[in-house]
Every structure is written in C-alpha cells, then in structure tokens.
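Here's the structure, in structure tokens; my notes come after.
Just follow the structure's listing: the first ligand is 1, and inside any ligand the first atom is 1. All values below were derived from every heavy atom in this structure, side-chain atoms included, with hydrogens, water molecules and symmetry-related copies excluded. None of these values were measured; they are calculated from a predicted model. Positions are given from 1 along the sequence.
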Amino acid sequence: MPILVTGATGTVGAYVIRRLLAAGHPVRALTRNPPAARLPAGVEVVAGDFTNPASLVPALRGVERVHLVAMEGDGPAIVDTLAEAGVRRLTHLGHDDPSRSDDDPLESWHRVLRRAIESSDLEWTHLFPGEFMANTREWAPSIRAEGVVRAPFGNWRSTLVHEDDIAAVVVEALLTDGHAGRTYQPTGPQPVLRRDAVRMIGEAIGRELRFDELTPDQARELWGEVHEPEVVEWFLEMGRHPDGNSWVSPDVEEVLGRPGLTFDRWARDHVADFT
Ligand SMILES: NC(=O)c1ccc[n+]([C@@H]2O[C@H](COP(=O)([O-])OP(=O)(O)OC[C@H]3O[C@@H](n4cnc5c(N)ncnc54)[C@H](OP(=O)(O)O)[C@@H]3O)[C@@H](O)[C@H]2O)c1
C-alpha cells in the first residue's frame, strides 16, 4: 500500500521520500505538475491540487497514510476528502504561532486546517518546526556571484532546523505507533547567529564570504521584491526580538533518539546549492 507524500517536490518532501524509499515503502507523490516533477525512480507521481480537493481523489486511491504539507486552500474540505477516501494516519507539516491572532492573514488558514485535522478521526501528528536551515538558500545567488550575503540582523539567533530532521520525524510518525495526537516542534540543536551561518557556509564551500548587514529599511526593499508586504513585516518583527528565536525543542531527540543535525552539517550537505 503506497504512502502518499504531498509537498513531494518541496524542501521537506524530498527528504521524506528519500527516507520512505530507503525503508522499503512504496511512495506516491502528489504534485500540481507531474511533467516538471523530478522525483527518484520508483516513485509514482500523481497530479492533484489542494485548491481543488476533488482533484486529490485519484492520488488517494488505496492509501491509508498521508504526509500533508499545509498550503493555502480549503482545509476542512481537504481533510474531509482524505477521511472519505479511507486515510487513517496523517502527518501534517505546517506552522503555528500562538502569539498571533486567528484572523492574522499569515495564520488564519493554518489554524483552520489544524482545527479540521484535530476534529477528524484521523490518527494525526502535527509538525510545527522552527525556521528551516534551507531558508538560507535565498543567499545562494549573491554568494555565487559575489561571495556576499546581504541581510539584516547579523546577531539574530535562530534554532535553525535541518529539513532531514523534520523528514525523519515525519517518517517515524508515519511508520511507527505512539505519535497520534502529538504535536512536534522540531528545531535544531542550538541557536545559530545569522553571521555565523554565513561563515559556516563559507567554510563548507571553501570561500571566505562577506556579511553586509542591512538596515531594516534596506531589508524591506530587498525582501519586498520577493515576498508579500505582510510577510516582510513579519520577518522584520521577528528580527527585532531581543532573544531571537533561540528555544531548543526536545522533540527531535525524543523521537529520533539523537540530537538534531547542526548547521555546519547542513552547509556541508548543501555545497552544491552555493557553488
Ligand atoms: N520555511 C520555514 O522556515 C518553515 C518553518 C516552519 C514551518 N514551515 C511550513 O513548512 C511548509 C512548507 O514546506 P516545504 O518548505 O517543504 O515546502 P516548499 O519547499 O515550500 O514546497 C511547497 C510544496 O507544496 C506543494 N504545493 C504548493 N501548493 C500546492 C497546491 N495548491 N496543491 C498541491 N501541492 C501544492 C508544491 O508542489 P508542486 O509545486 O509540485 O505542486 C511543493 O512540493 C509550510 O506549511 C510552512 O508553513 C516552514
């Protein structure tokens, strides 16, 4: 019986697939665009789009376990579609910021999906990770071209998490019992300063990198080219927090029996992204 991985072409999904295949499980991958999906041999690729829950039905045929990545869409209709198709176990990768209100545009659809999952009869496990190490790939173009990273808040600390640790927790929750009704918040093993992350990428690729610290106004201009204004303001608000985002969750170690992977390990895993 295949396990359906949604977000299969994304950052975490790629690692979930790799781990399921290594564990010998048949994998079906959901994507909106099968011809463009470059997935490992042996993966069954099926079309489907969360914005049209009925389109998920073919991908759900004969499936009891699903990894669901939260993307904007009609959360309750998606959950109903899964349950009606016979899905029993669900890992849900999303986001939760309890400090923000239900009607916050960045939060509301996540909350609606979360509540629909919790009201269902599915054996669900939420994963609300910390900031992904992979977000630093946005520095890749300027690193490749100029050996420079331009970003604000050089001393901002964040317990960046390796996407493979998130995937490992997902796979554990999909394949073993004891995770139903649990909420895991995978983080890395220690907070990392932005400027140290730049240094570690430089060490991994064997090139000295310069960190040019931007003012918040300069960052607003740079990020405004790629992100919605409310997302930019959210990033800036986080960056102003004096302690950064330095909470270390026990969840990776509790579920996997080992500490989370470090940022220098991530940088060594991702040399090709920066060269
Ligand atoms: N980045 C962070 O620091 C961070 C931190 C905490 C939580 N999160 C959460 O992590 C999740 C993102 O995970 P990720 O970074 O692994 O994903 P990602 O790399 O952003 O990729 C998005 C994936 O979602 C799929 N997708 C997008 N819209 C879809 C739709 N309408 N129907 C079906 N599939 C759709 C895409 O598939 P196709 O394009 O192939 O269709 C792609 O595989 C989000 O829920 C986010 O809130 C992120």
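- Near N135, meaning under 4.0 Å from any of its heavy atoms, are these atoms of ligand 1: 1 (N), 2 (C), 3 (O).
- For ligand 1, the atoms sitting less than 4.0 Å from at least one non-hydrogen atom of P129 are 6 (C), 7 (C), numbered in the order shown with element in parentheses.
- When hydrogens are left out, the protein atom nearest atom 4 (C) of ligand 1 is F132 CE1, 3.3 Å; that is the closest non-hydrogen contact.
- Using modelled atom types and a 3.5 Å distance limit, the side chains of H270 and E163 yield a donor-acceptor pair.
- With ligand atoms numbered from 1 in the order given, ligand 1 contributes 5 (C), 6 (C) to contacts under 4.0 Å with heavy atoms of G130.
- From the protein, the heavy atom lying nearest to atom 38 (P) of ligand 1 is T9 OG1, 3.4 Å.
- Of the listed residues (V12, L160, T31, L127), the one carrying the non-hydrogen atom nearest atom 40 (O) of ligand 1 is T31.
- At a cut-off of 3.5 Å, with distance as the only test, a side-chain donor of N155 or R195 sits close to an acceptor on the other residue.
- Under 3.5 Å, the side chains of S101 and D103 contain a donor-acceptor pair of N or O atoms.
- Closest to atom 31 (N) of ligand 1 among all protein heavy atoms lies D49 OD1, 2.9 Å.
- Closest non-hydrogen pair, A41 versus L21, comes out as O-CD1, 4.4 Å.
- In terms of protein heavy-atom proximity, atom 35 (C) of ligand 1 is nearest to R32 NE, 3.7 Å.
- Which parts of ligand 1 touch H95 is read off a 4.0 Å heavy-atom cut-off, strictly below it: atoms 47 (O).
- Looking only at protein heavy atoms, the nearest one to atom 11 (C) of ligand 1 is V69 CG2, 3.7 Å.
- The backbone of A8, and not its side chain, has at least one atom closer than 4.0 Å to an atom of ligand 1 (non-hydrogen atoms only; backbone = N, CA, C, O).
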Intermediate values then yes/no, side-chain contact (heavy atoms from CB on, under 4.5 Å), H25 and R19: CA-CA 9 Å; H25 281 271; R19 285 185 168 274; over 6 Å; no

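- For atom 46 (C) of ligand 1, the nearest protein heavy atom lies 4.0 Å or farther away.
- R207 places a side-chain N or O within donor-acceptor distance of the main-chain N or O of I143, the cut-off being under 3.5 Å.
- Backbone and side-chain nitrogen or oxygen atoms of E131 are examined, and none is located within less than 3.5 angstrom of a nitrogen or oxygen of ligand 1.
- Between H241 and W234, the gap from one ring centroid to the other reaches at least 6.0 Å.
- With a heavy-atom cut-off of 4.0 Å, L93 touches ligand 1 through backbone and side chain alike.
- Inspection of the D97 and H110 side chains reveals no N or O donor paired with an N or O acceptor under 3.5 Å.
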Check against side-chain contact (heavy atoms from CB on, under 4.5 Å), F274 and R137: CA-CA 8 Å; F274 297 99; R137 287 188 301 202; 4.2 Å; yes

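- Residues T51 and D49 have side chains that bring a donor and an acceptor to within less than 3.5 angstrom of each other.
- Looking at Q185, M133, M71 and measuring to atom 24 (O) of ligand 1, the nearest heavy atom belongs to M71.
- Here the protein heavy atom with the shortest distance to atom 25 (C) of ligand 1 is G7 CA, 4.0 Å.
- Annotation for ligand 1: atoms under 4.0 Å from non-hydrogen atoms of H110 are 45 (O), 47 (O).
- Within 6.0 Å of CG in N33 there are more than 12 heavy atoms belonging to other residues, nucleotides or ligands.
- In this structure, the protein non-hydrogen atom closest to atom 33 (C) of ligand 1 is F50 CD1, 3.4 Å.
- A centroid separation of less than 6.0 Å is found between the aromatic rings of Y184 and H179.
- Side chain to side chain, H92 and H126 meet the donor-acceptor criterion of an N or O pair below 3.5 Å.
- Of all protein heavy atoms, the one lying nearest to atom 9 (C) of ligand 1 is G94 O, 3.7 Å.
- The shortest N or O to N or O distance between G10 and ligand 1 is under 3.5 Å.
- Put simply, no part of A14 is less than 4.0 Å from ligand 1, judged by heavy atoms.
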